[in-house]
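Proteins come first, then strands; the chains are lettered A, B, ... in the order of their sequence lines, and each starts at number 1.
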Protein chains: 4
Amino acid sequence: MGIAERKEREKEARRGEILEAAEKVFFEKGLNQATMDEIAAEAELGKSTLYLYYRSKEDLYLAVMMRGSEVMFRLFMEATSTGEPTLKLIRNLGDAYYEFFKKHRNYFRMYYFFESPDLHTQVSDEMKAACFRNDEKIWGLVIGLIRKAIAEKVFRDDIDPQQTAVILWANANGLMRQMDRMEPYWRDAMKIDLDATLRRANTFVLQGMMTDKAKKQFAGLFE
Amino acid sequence: MGIAERKEREKEARRGEILEAAEKVFFEKGLNQATMDEIAAEAELGKSTLYLYYRSKEDLYLAVMMRGSEVMFRLFMEATSTGEPTLKLIRNLGDAYYEFFKKHRNYFRMYYFFESPDLHTQVSDEMKAACFRNDEKIWGLVIGLIRKAIAEKVFRDDIDPQQTAVILWANANGLMRQMDRMEPYWRDAMKIDLDATLRRANTFVLQGMMTDKAKKQFAGLFE
Amino acid sequence: MGIAERKEREKEARRGEILEAAEKVFFEKGLNQATMDEIAAEAELGKSTLYLYYRSKEDLYLAVMMRGSEVMFRLFMEATSTGEPTLKLIRNLGDAYYEFFKKHRNYFRMYYFFESPDLHTQVSDEMKAACFRNDEKIWGLVIGLIRKAIAEKVFRDDIDPQQTAVILWANANGLMRQMDRMEPYWRDAMKIDLDATLRRANTFVLQGMMTDKAKKQFAGLFE
Amino acid sequence: MGIAERKEREKEARRGEILEAAEKVFFEKGLNQATMDEIAAEAELGKSTLYLYYRSKEDLYLAVMMRGSEVMFRLFMEATSTGEPTLKLIRNLGDAYYEFFKKHRNYFRMYYFFESPDLHTQVSDEMKAACFRNDEKIWGLVIGLIRKAIAEKVFRDDIDPQQTAVILWANANGLMRQMDRMEPYWRDAMKIDLDATLRRANTFVLQGMMTDKAKKQFAGLFE
DNA sequence: TATGAATGAGGTTTCATTCAT
DNA sequence: AATGAATGAAACCTCATTCAT
């Protein structure tokens with residue numbers, strides 16, 4: 001009975017090695033500049049072997065990206081498991097995303113691709129589904145928290161949880177994208193404090209969502 | 001006296017024709033799927049002629065994108081030339097951007113490329129500079145308006161105009177990106193009203209920036 | 001044990017097929033008029049496959065040319081392995097070269113390229129080295145024979161073997177070049193007997209190199 | 001009447017300027033590496049203007065080459081106008097050719113092209129005819145001299161003048177070609193004295209052509 | 001006459017992907 | 001399962017030549 005399992009384990013190990021190699025190359029070169037040849041060399045495998053494990057370069061790219069998603073998910077889980085009040089947890093979520101941005105910039109950048117529909121020409125349906133599941137998991141976490149905040153009357157009850165989640169995410173993500181491209185320019189030429197900008201934007205949006213009661217209650221959170 | 005000028009005009013016309021053809025192909029296929037051969041065929045020119053006018057496919061792509069920038073700039077100019085109060089003008093700006101998103105989706109999508117630094121491998125310095133100038137022009141318009149709002153005590157004086165501009169833009173842009181990808185899903189499966197979402201998010205952010213006095217004065221604007 | 005070897009053999013076979021196709025096209029069209037596309041079509045391979053085996057069109061051209069060198073070398077070997085006296089062998093060498101010229105005109109003509117340094121712009125160092133080795137092999141054979149003739153006092157001992165080899169070769173080659181271009185004109189308009197011309201020129205040069213003793217001894221050779 | 005003539009003169013002058021520019025570029029780069037653009041730039045003319053004066057790049061190349069022919073012809077004329085005995089004049093001819101080789105190497109090298117039939121694809125019939133006339137003029141001079149030598153019983157009367165001319169030329173030319181390519185190698189690695197080699201080869205051939213009487217008479221010429 | 005622009009052809013290169021073993 | 005080889009597509013580039021003014 002052990003043989004099939006060992007085979008399976010070995011196969012998984014090999015997938016992991018390939019992923020490792022791909023990650024290294026994609027981080028260094030980006031999707032376009034990275035070549036399958038280079039990844040194969042890095043993995044010490046023949047180029048065609050990569051195709052036994054991943055259907056296309058884009059699939060491989062997304063597989064690496066999903067590792068990033070997992071990292072992000074873990075950060076989100078930790079940030080929301082502190083037992084603090086819901087509003088604080090939502091604030092924590094923003095901080096966790098910012099931490100992901102700062103500490104895992106390479107993963108963060110991979111989402112550029114994910115967000116450019118034009119580029120996806122070779123993504124397999126399996127991979128699309130896997131990405132979608134991953135995405136859902138994260139959205140689920142965020143939306144659940146917002147629902148809780150509404151239930152607790154911290155957020156107004158005339159807002160839609162999904163809509164709200166998207167606003168929060170888009171606000172943070174849009175800014176971080178911009179920061180990623182302009183970081184040196186902003187910091188050096190324009191003297192903008194990036195951390196403060198992000199926090200302020202988040203504050204704006206959150207306050208828009210909060211009930212008046214909650215605003216008074218949690219005033220200290222936004223100083 | 002006219003010959004040199006006519007030549008110049010014709011050359012410009014030819015650049016325009018190429019751009020027209022490129023636009024058509026890029027809109028249909030996207031950057032990667034579009035080929036120079038196809039653009040040349042569409043323009044009824046030899047492929048090498050394209051290279052007389054644009055140094056690379058990416059340059060050509062950006063040239064088309066800059067047409068989009070101009071469209072956007074015109075929309076922005078119109079939106080801010082109505083003689084209305086500054087805050088309304090800023091609101092108009094958001095609406096104008098949304099209009100750009102809805103009516104010129106193809107141009108909107110081209111910015112994906114612009115925002116993915118990894119993809120730029122063949123962009124000439126001239127084109128980079130041209131894009132930068134274009135960008136500056138639009139930012140200048142927005143930032144100018146924000147300065148005016150601060151001077152008029154509509155916006156708080158403890159916010160930074162550039163920072164504020166970026167927050168406004170990132171908020172709208174991040175959402176529209178998301179909408180672009182998820183539009184059918186959101187509308188059909190999740191019943192989210194996209195227009196309302198965007199407007200609401202903008203309201204949140206604007207209100208965060210406004211002085212208390214302005215909030216009372218312009219309460220009607222946000223209903 | 002056989003797999004690697006079979007692979008090797010197949011690869012060699014493929015190189016051979018490419019060479020065969022290239023030869024056909026080069027013979028028909030010459031270096032400039034031949035296109036890689038045509039060669040690829042002839043070989044029933046993709047154009048990029050050609051570049052897996054040869055680094056440039058010029059390399060491929062020289063590879064074909066070297067086949068000619070081998071043919072020539074074989075003719076030279078046969079001509080000098082008859083067991084006849086050294087002088088006769090040297091005479092045979094001239095005849096063999098003439099035979100090469102007549103029977104392998106296409107190969108002969110390829111040397112035009114080899115001899116025009118201006119034309120070599122894409123020749124790889126490997127190919128240059130290979131050509132050089134080939135060249136050396138042939139010169140070695142000729143020079144060896146001349147040394148023998150000197151040792152046997154058939155050739156004067158005040159001549160330099162290398163110098164002598166070059167004179168013999170240049171004399172024959174220069175004439176054959178001329179013949180190649182002017183053959184119809186000479187034969188038809190000027191009634192020059194080409195075989196006789198070549199033989200006579202060779203006689204002149206050989207006699208200049210021979211000792212008086214040898215001249216008497218081998219007088220019959222030159223009638 | 002003067003206008004047409006002035007026009008004609010100006011046109012000739014322009015042809016000359018183009019030739020001058022082409023010569024400079026061809027000397028530096030050779031036929032293949034030289035571009036019409038570069039020649040046009042050198043001539044300070046538009047590229048298409050070149051085509052008003054010469055039908056193709058190859059025509060232009062040959063026009064430059066013919067300037068070389070004229071230089072050679074002048075050298076040959078001088079060498080044969082000294083009033084010395086015919087055999088000496090023939091010897092002088094060889095020296096003159098060698099002088100041409102040494103002093104006008106750039107022109108000498110242009111003949112590589114002339115001698116490679118494969119390369120002539122764009123030569124106009126006019127230019128071919130002009131080259132042919134030029135060629136004839138030089139051959140005429142040489143053959144005339146040989147006829148004279150035969151008439152004076154310096155050369156044997158069983159040799160054909162044309163055949164003899166070709167042998168003399170091919171012998172010298174073949175050697176100089178070889179020298180041109182191998183000069184550094186021969187001089188440095190093989191210690192061959194090039195001048196001596198050439199002279200010796202010429203001696204061999206000349207002696208083969210001479211009558212016994214002449215050999216005695218002109219023995220001093222070959223020491 | 002002069003020319004800027006256009007062009008077609010083809011060499012070179014790079015790569016993701018596929019194929020045959 | 002692993003891989004070396006093949007390949008097609010396309011970008012990029014260069015240039016002689018032609019065209020329209």
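Look at D:Arg14 and D:Glu17 and you find a salt bridge, because one of the NZ, NE, NH1 or NH2 atoms lies within 4.0 Å of a carboxylate O, short of that distance. For the pair A:Glu20 and A:Arg67, the salt-bridge criterion is met [side-chain N within less than 4.0 Å of a carboxylate O].
The phosphate of E:dT1 has neither OP1 nor OP2 within less than 4.0 Å of any side-chain N or O from D:Arg14. Dashed line: the shortest gap from a side-chain N or O of D:Lys11 to OP1 or OP2 of E:dT1 is under 4.0 Å. For B:Thr49, a side-chain nitrogen or oxygen approaches OP1 or OP2 of E:dT7 to under 4.0 Å. Taking only side-chain nitrogens and oxygens, D:Gln122 never comes nearer than 4.0 Å to OP1 or OP2 of F:dA16. Within the structure, a side-chain polar atom (N or O) of A:Tyr51 is placed less than 4.0 Å from OP1 or OP2 of E:dT17. At least one side-chain nitrogen or oxygen of D:Tyr53 sits closer than 4.0 Å to the OP1 or OP2 atom of E:dA2.
Under the Watson-Crick and G-U wobble criteria, each requiring two contacts below 3.5 Å, nucleotide F:dA16 is paired to E:dT7. Partner assigned to E:dT21 is F:dA2, using Watson-Crick or G-U wobble distances below 3.5 angstrom.
For D:Ser48 and E:dG4, a side-chain-to-base donor-acceptor distance below 3.5 Å is present, hydrogens and geometry of angles not being considered. No N or O donor and acceptor, one from the side chain of C:Thr35 and one from the base of E:dG11, sit under 3.5 Å apart.
Heavy-atom distances to DNA chain F give each of C:Gly46 and D:Met36 a nearest nucleotide, and the one nearer the 5′ end belongs to C:Gly46. Closest-nucleotide positions on DNA chain F for B:Arg55 and C:Leu52 were compared, and the one nearer the 5' end corresponds to C:Leu52.
Atom CG of A:Asp37 and atom P of F:dG4 are 11 Å apart (whole Å). Remark: P of E:dT3 and CD1 of D:Ile18 are 10 Å apart, rounded to the nearest angstrom. Here E:dA5 presents its C1' atom at 14 Å from CZ of B:Arg15, a figure rounded to the nearest Å. Per the geometry, CG belonging to D:Asn32 stands 12 Å off C1' belonging to F:dT14, to the nearest Å. Between B:Leu60 atom CG and F:dA11 atom C1' there is a gap of 13 Å when expressed in whole angstrom units. Per the geometry, NZ belonging to B:Lys47 stands 6 Å off P belonging to F:dA11, to the nearest Å. Rounded to whole Å, atom C1' of F:dA16 lies 14 Å from atom CD of D:Glu38. Between B:Leu50 atom CG and E:dA6 atom C1' the separation is 11 Å, expressed in whole Å.
By the side-chain contact (heavy atoms from CB on, under 4.5 Å) test, B:Glu44 pairs with no residue at all, sequence neighbours left out. Residues meeting the salt bridge (Lys or Arg N to Asp or Glu O under 4.0 Å) test with C:Lys29, sequence neighbours left out: C:Glu38.
Using a 4.0 Å heavy-atom distance criterion, B:Ala34 is classed as a sugar-phosphate-only contact.
Geometrically, A:Arg109 does not engage A:Phe27 in a cation-pi contact defined by less than 6.0 Å to the ring centre and at most 45° from the axis.
Heavy-atom minimum distance, B:Asn134 versus B:Ser69: OD1-CB, 3.5 Å.
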